[in-house]
Amino acid sequence: MQLGDTFIMGEGGHLWVVISDPSARPEFIIVNVTKNAFRAGCDCELSPGDHPFIDYKSYVNFGDAQQVTADAGIKLQKCLDTGAVTRHANMRKPILDKIVAAGKTSKALRTEYKAYL
């Protein structure tokens with residue numbers, strides 16, 4: 001996995017984005033993108049065209065961020081390799097930078113996760 005990688009777990013699932021650099025630490029942080037502003041909050045709004053998967057106004061859900069351990073990262077990579085998890089286009093750097101900057105100030109992102117950003 002690399003910073004900016006995106007993927008979907010399950011059919012009809014959310015787009016997940018790697019927002020910390022897996023090469024810098026054995027664990028990394030992922031967040032999902034949703035169209036539900038109430039659930040996600042409005043810390044980081046994304047628009048159609050910000051990523052090929054996003055075709056409606058969307059929000060980064062920092063409250064549901066997950067820390068992926070080294071072991072879980074290996075399992076995730078195997079799922080990507082077999083197609084059990086669907087890989088999508090990398091998040092473009094300007095949009096990734098926007099997400100990371102919002103994560104650093106988000107009250108919804110756990111403090112210990114911010115240390116990864």
Side-chain angles (χ1 to χ4, degrees):
M1 300 296 309
Q2 296 180 359
L3 180 63
D5 280 353
T6 69
F7 55 90
I8 295 179
M9 292 186 271
E11 191 172 321
H14 294 287
L15 182 72
W16 287 86
V17 183
V18 177
I19 64 166
S20 69
D21 187 357
S23 68
R25 297 178 118 160
E27 306 87 19
F28 57 94
I29 306 301
I30 59 174
V31 293
N32 72 58
V33 177
T34 180
K35 63 183 176 183
N36 186 334
F38 180 76
R39 178 163 168 71
C42 296
D43 291 336
C44 187
E45 183 178 307
L46 300 177
S47 301
D50 284 345
H51 184 274
F53 183 78
I54 299 171
D55 58 2
Y56 44 79
K57 187 186 295 186
S58 301
Y59 305 89
V60 177
N61 189 351
F62 292 111
D64 282 351
Q66 295 181 18
Q67 178 185 28
V68 180
T69 64
D71 287 343
I74 291 168
K75 290 177 185 174
L76 177 58
Q77 186 61 54
K78 286 180 183 177
C79 288
L80 287 163
D81 293 343
T82 63
V85 171
T86 305
R87 183 181 304 275
H88 277 268
N90 289 350
M91 191 62 70
R92 292 183 298 117
K93 183 161 175 26
I95 305 305
L96 180 62
D97 290 347
K98 174 182 173 178
I99 294 169
V100 171
K104 289 178 179 179
T105 61
S106 173
K107 291 182 179 174
L109 186 64
R110 294 171 57 172
T111 303
E112 59 267 27
Y113 293 175
K114 290 180 183 183
Y116 287 78
L117 305 182

With a 3.5 Å cut-off and sequence neighbours excluded, list the donor-acceptor pairs that the side chains of residues 89-96 form with protein atoms.
| residue | atom | partner | partner atom | Å |
| --- | --- | --- | --- | --- |
| Lys93 | NZ | Asp97 | OD1 | 3.1 |
| Lys93 | NZ | Asp97 | OD2 | 3.0 |

Distance-only donor-acceptor hits, side chain of residues 73-82, under 3.5 Å, sequence neighbours excluded:
| residue | atom | partner | partner atom | Å |
| --- | --- | --- | --- | --- |
| Gln77 | NE2 | Asp81 | OD1 | 2.9 |
| Thr82 | OG1 | Lys78 | O | 3.2 |
| Thr82 | OG1 | Cys79 | O | 3.3 |

Sequence neighbours excluded - ring pair (Phe, Tyr, Trp, His ring centres under 6.0 Å) pairs with any residue from residues 73-96
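For residues 73-96: Phe53-His88.
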
Could you give all pairs that pass the ring pair (Phe, Tyr, Trp, His ring centres under 6.0 Å) test and reach residues 89-112, with sequence neighbours left out?
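Ring pair (Phe, Tyr, Trp, His ring centres under 6.0 Å) check on residues 89-112 returns no pairs.
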
In terms of heavy-atom contacts, does CZ of Phe38 have more than 12 from other residues, nucleotides or ligands at under 6.0 Å?
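Count not over threshold, so no.
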
Who are the side-chain contact (heavy atoms from CB on, under 4.5 Å) partners of Ala37, not counting sequence neighbours?
Cys42, Tyr59

Across all chains, not counting sequence neighbours, the side-chain contact (heavy atoms from CB on, under 4.5 Å) partners of Thr105 are none

Can you find a side-chain donor-acceptor pair between Asp21 and Ser23 that sits under 3.5 Å?
yes

Can you list every pair that meets salt bridge (Lys or Arg N to Asp or Glu O under 4.0 Å) and has a residue in residues 107-117, with sequence neighbours left out?
Arg110-Glu112

The criterion is side chain to side chain donor-acceptor pair (under 3.5 Å); which residues satisfy it with Asp43, sequence neighbours excluded?
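Applying side chain to side chain donor-acceptor pair (under 3.5 Å) to Asp43 gives Ser106.
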
Taking only residues two or more places apart in sequence, or in another chain, which ones meet Ser20 in a side chain to side chain donor-acceptor pair (under 3.5 Å)?
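With sequence neighbours excluded, Ser20 shows a side chain to side chain donor-acceptor pair (under 3.5 Å) to no residue whatsoever.
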
List the residues meeting salt bridge (charged side-chain N to carboxylate O under 4.0 Å, His left out) with Asp55, not counting sequence neighbours, and say none if there are none.
none

Can you name the salt bridge (charged side-chain N to carboxylate O under 4.0 Å, His left out) partners of Asp50, sequence neighbours left out?
none

For residues 26-38, which residue pairs pass the side chain to side chain donor-acceptor pair (under 3.5 Å) check, not counting sequence neighbours?
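Qualifying pairs, neighbours excluded: Glu27-Tyr116.
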
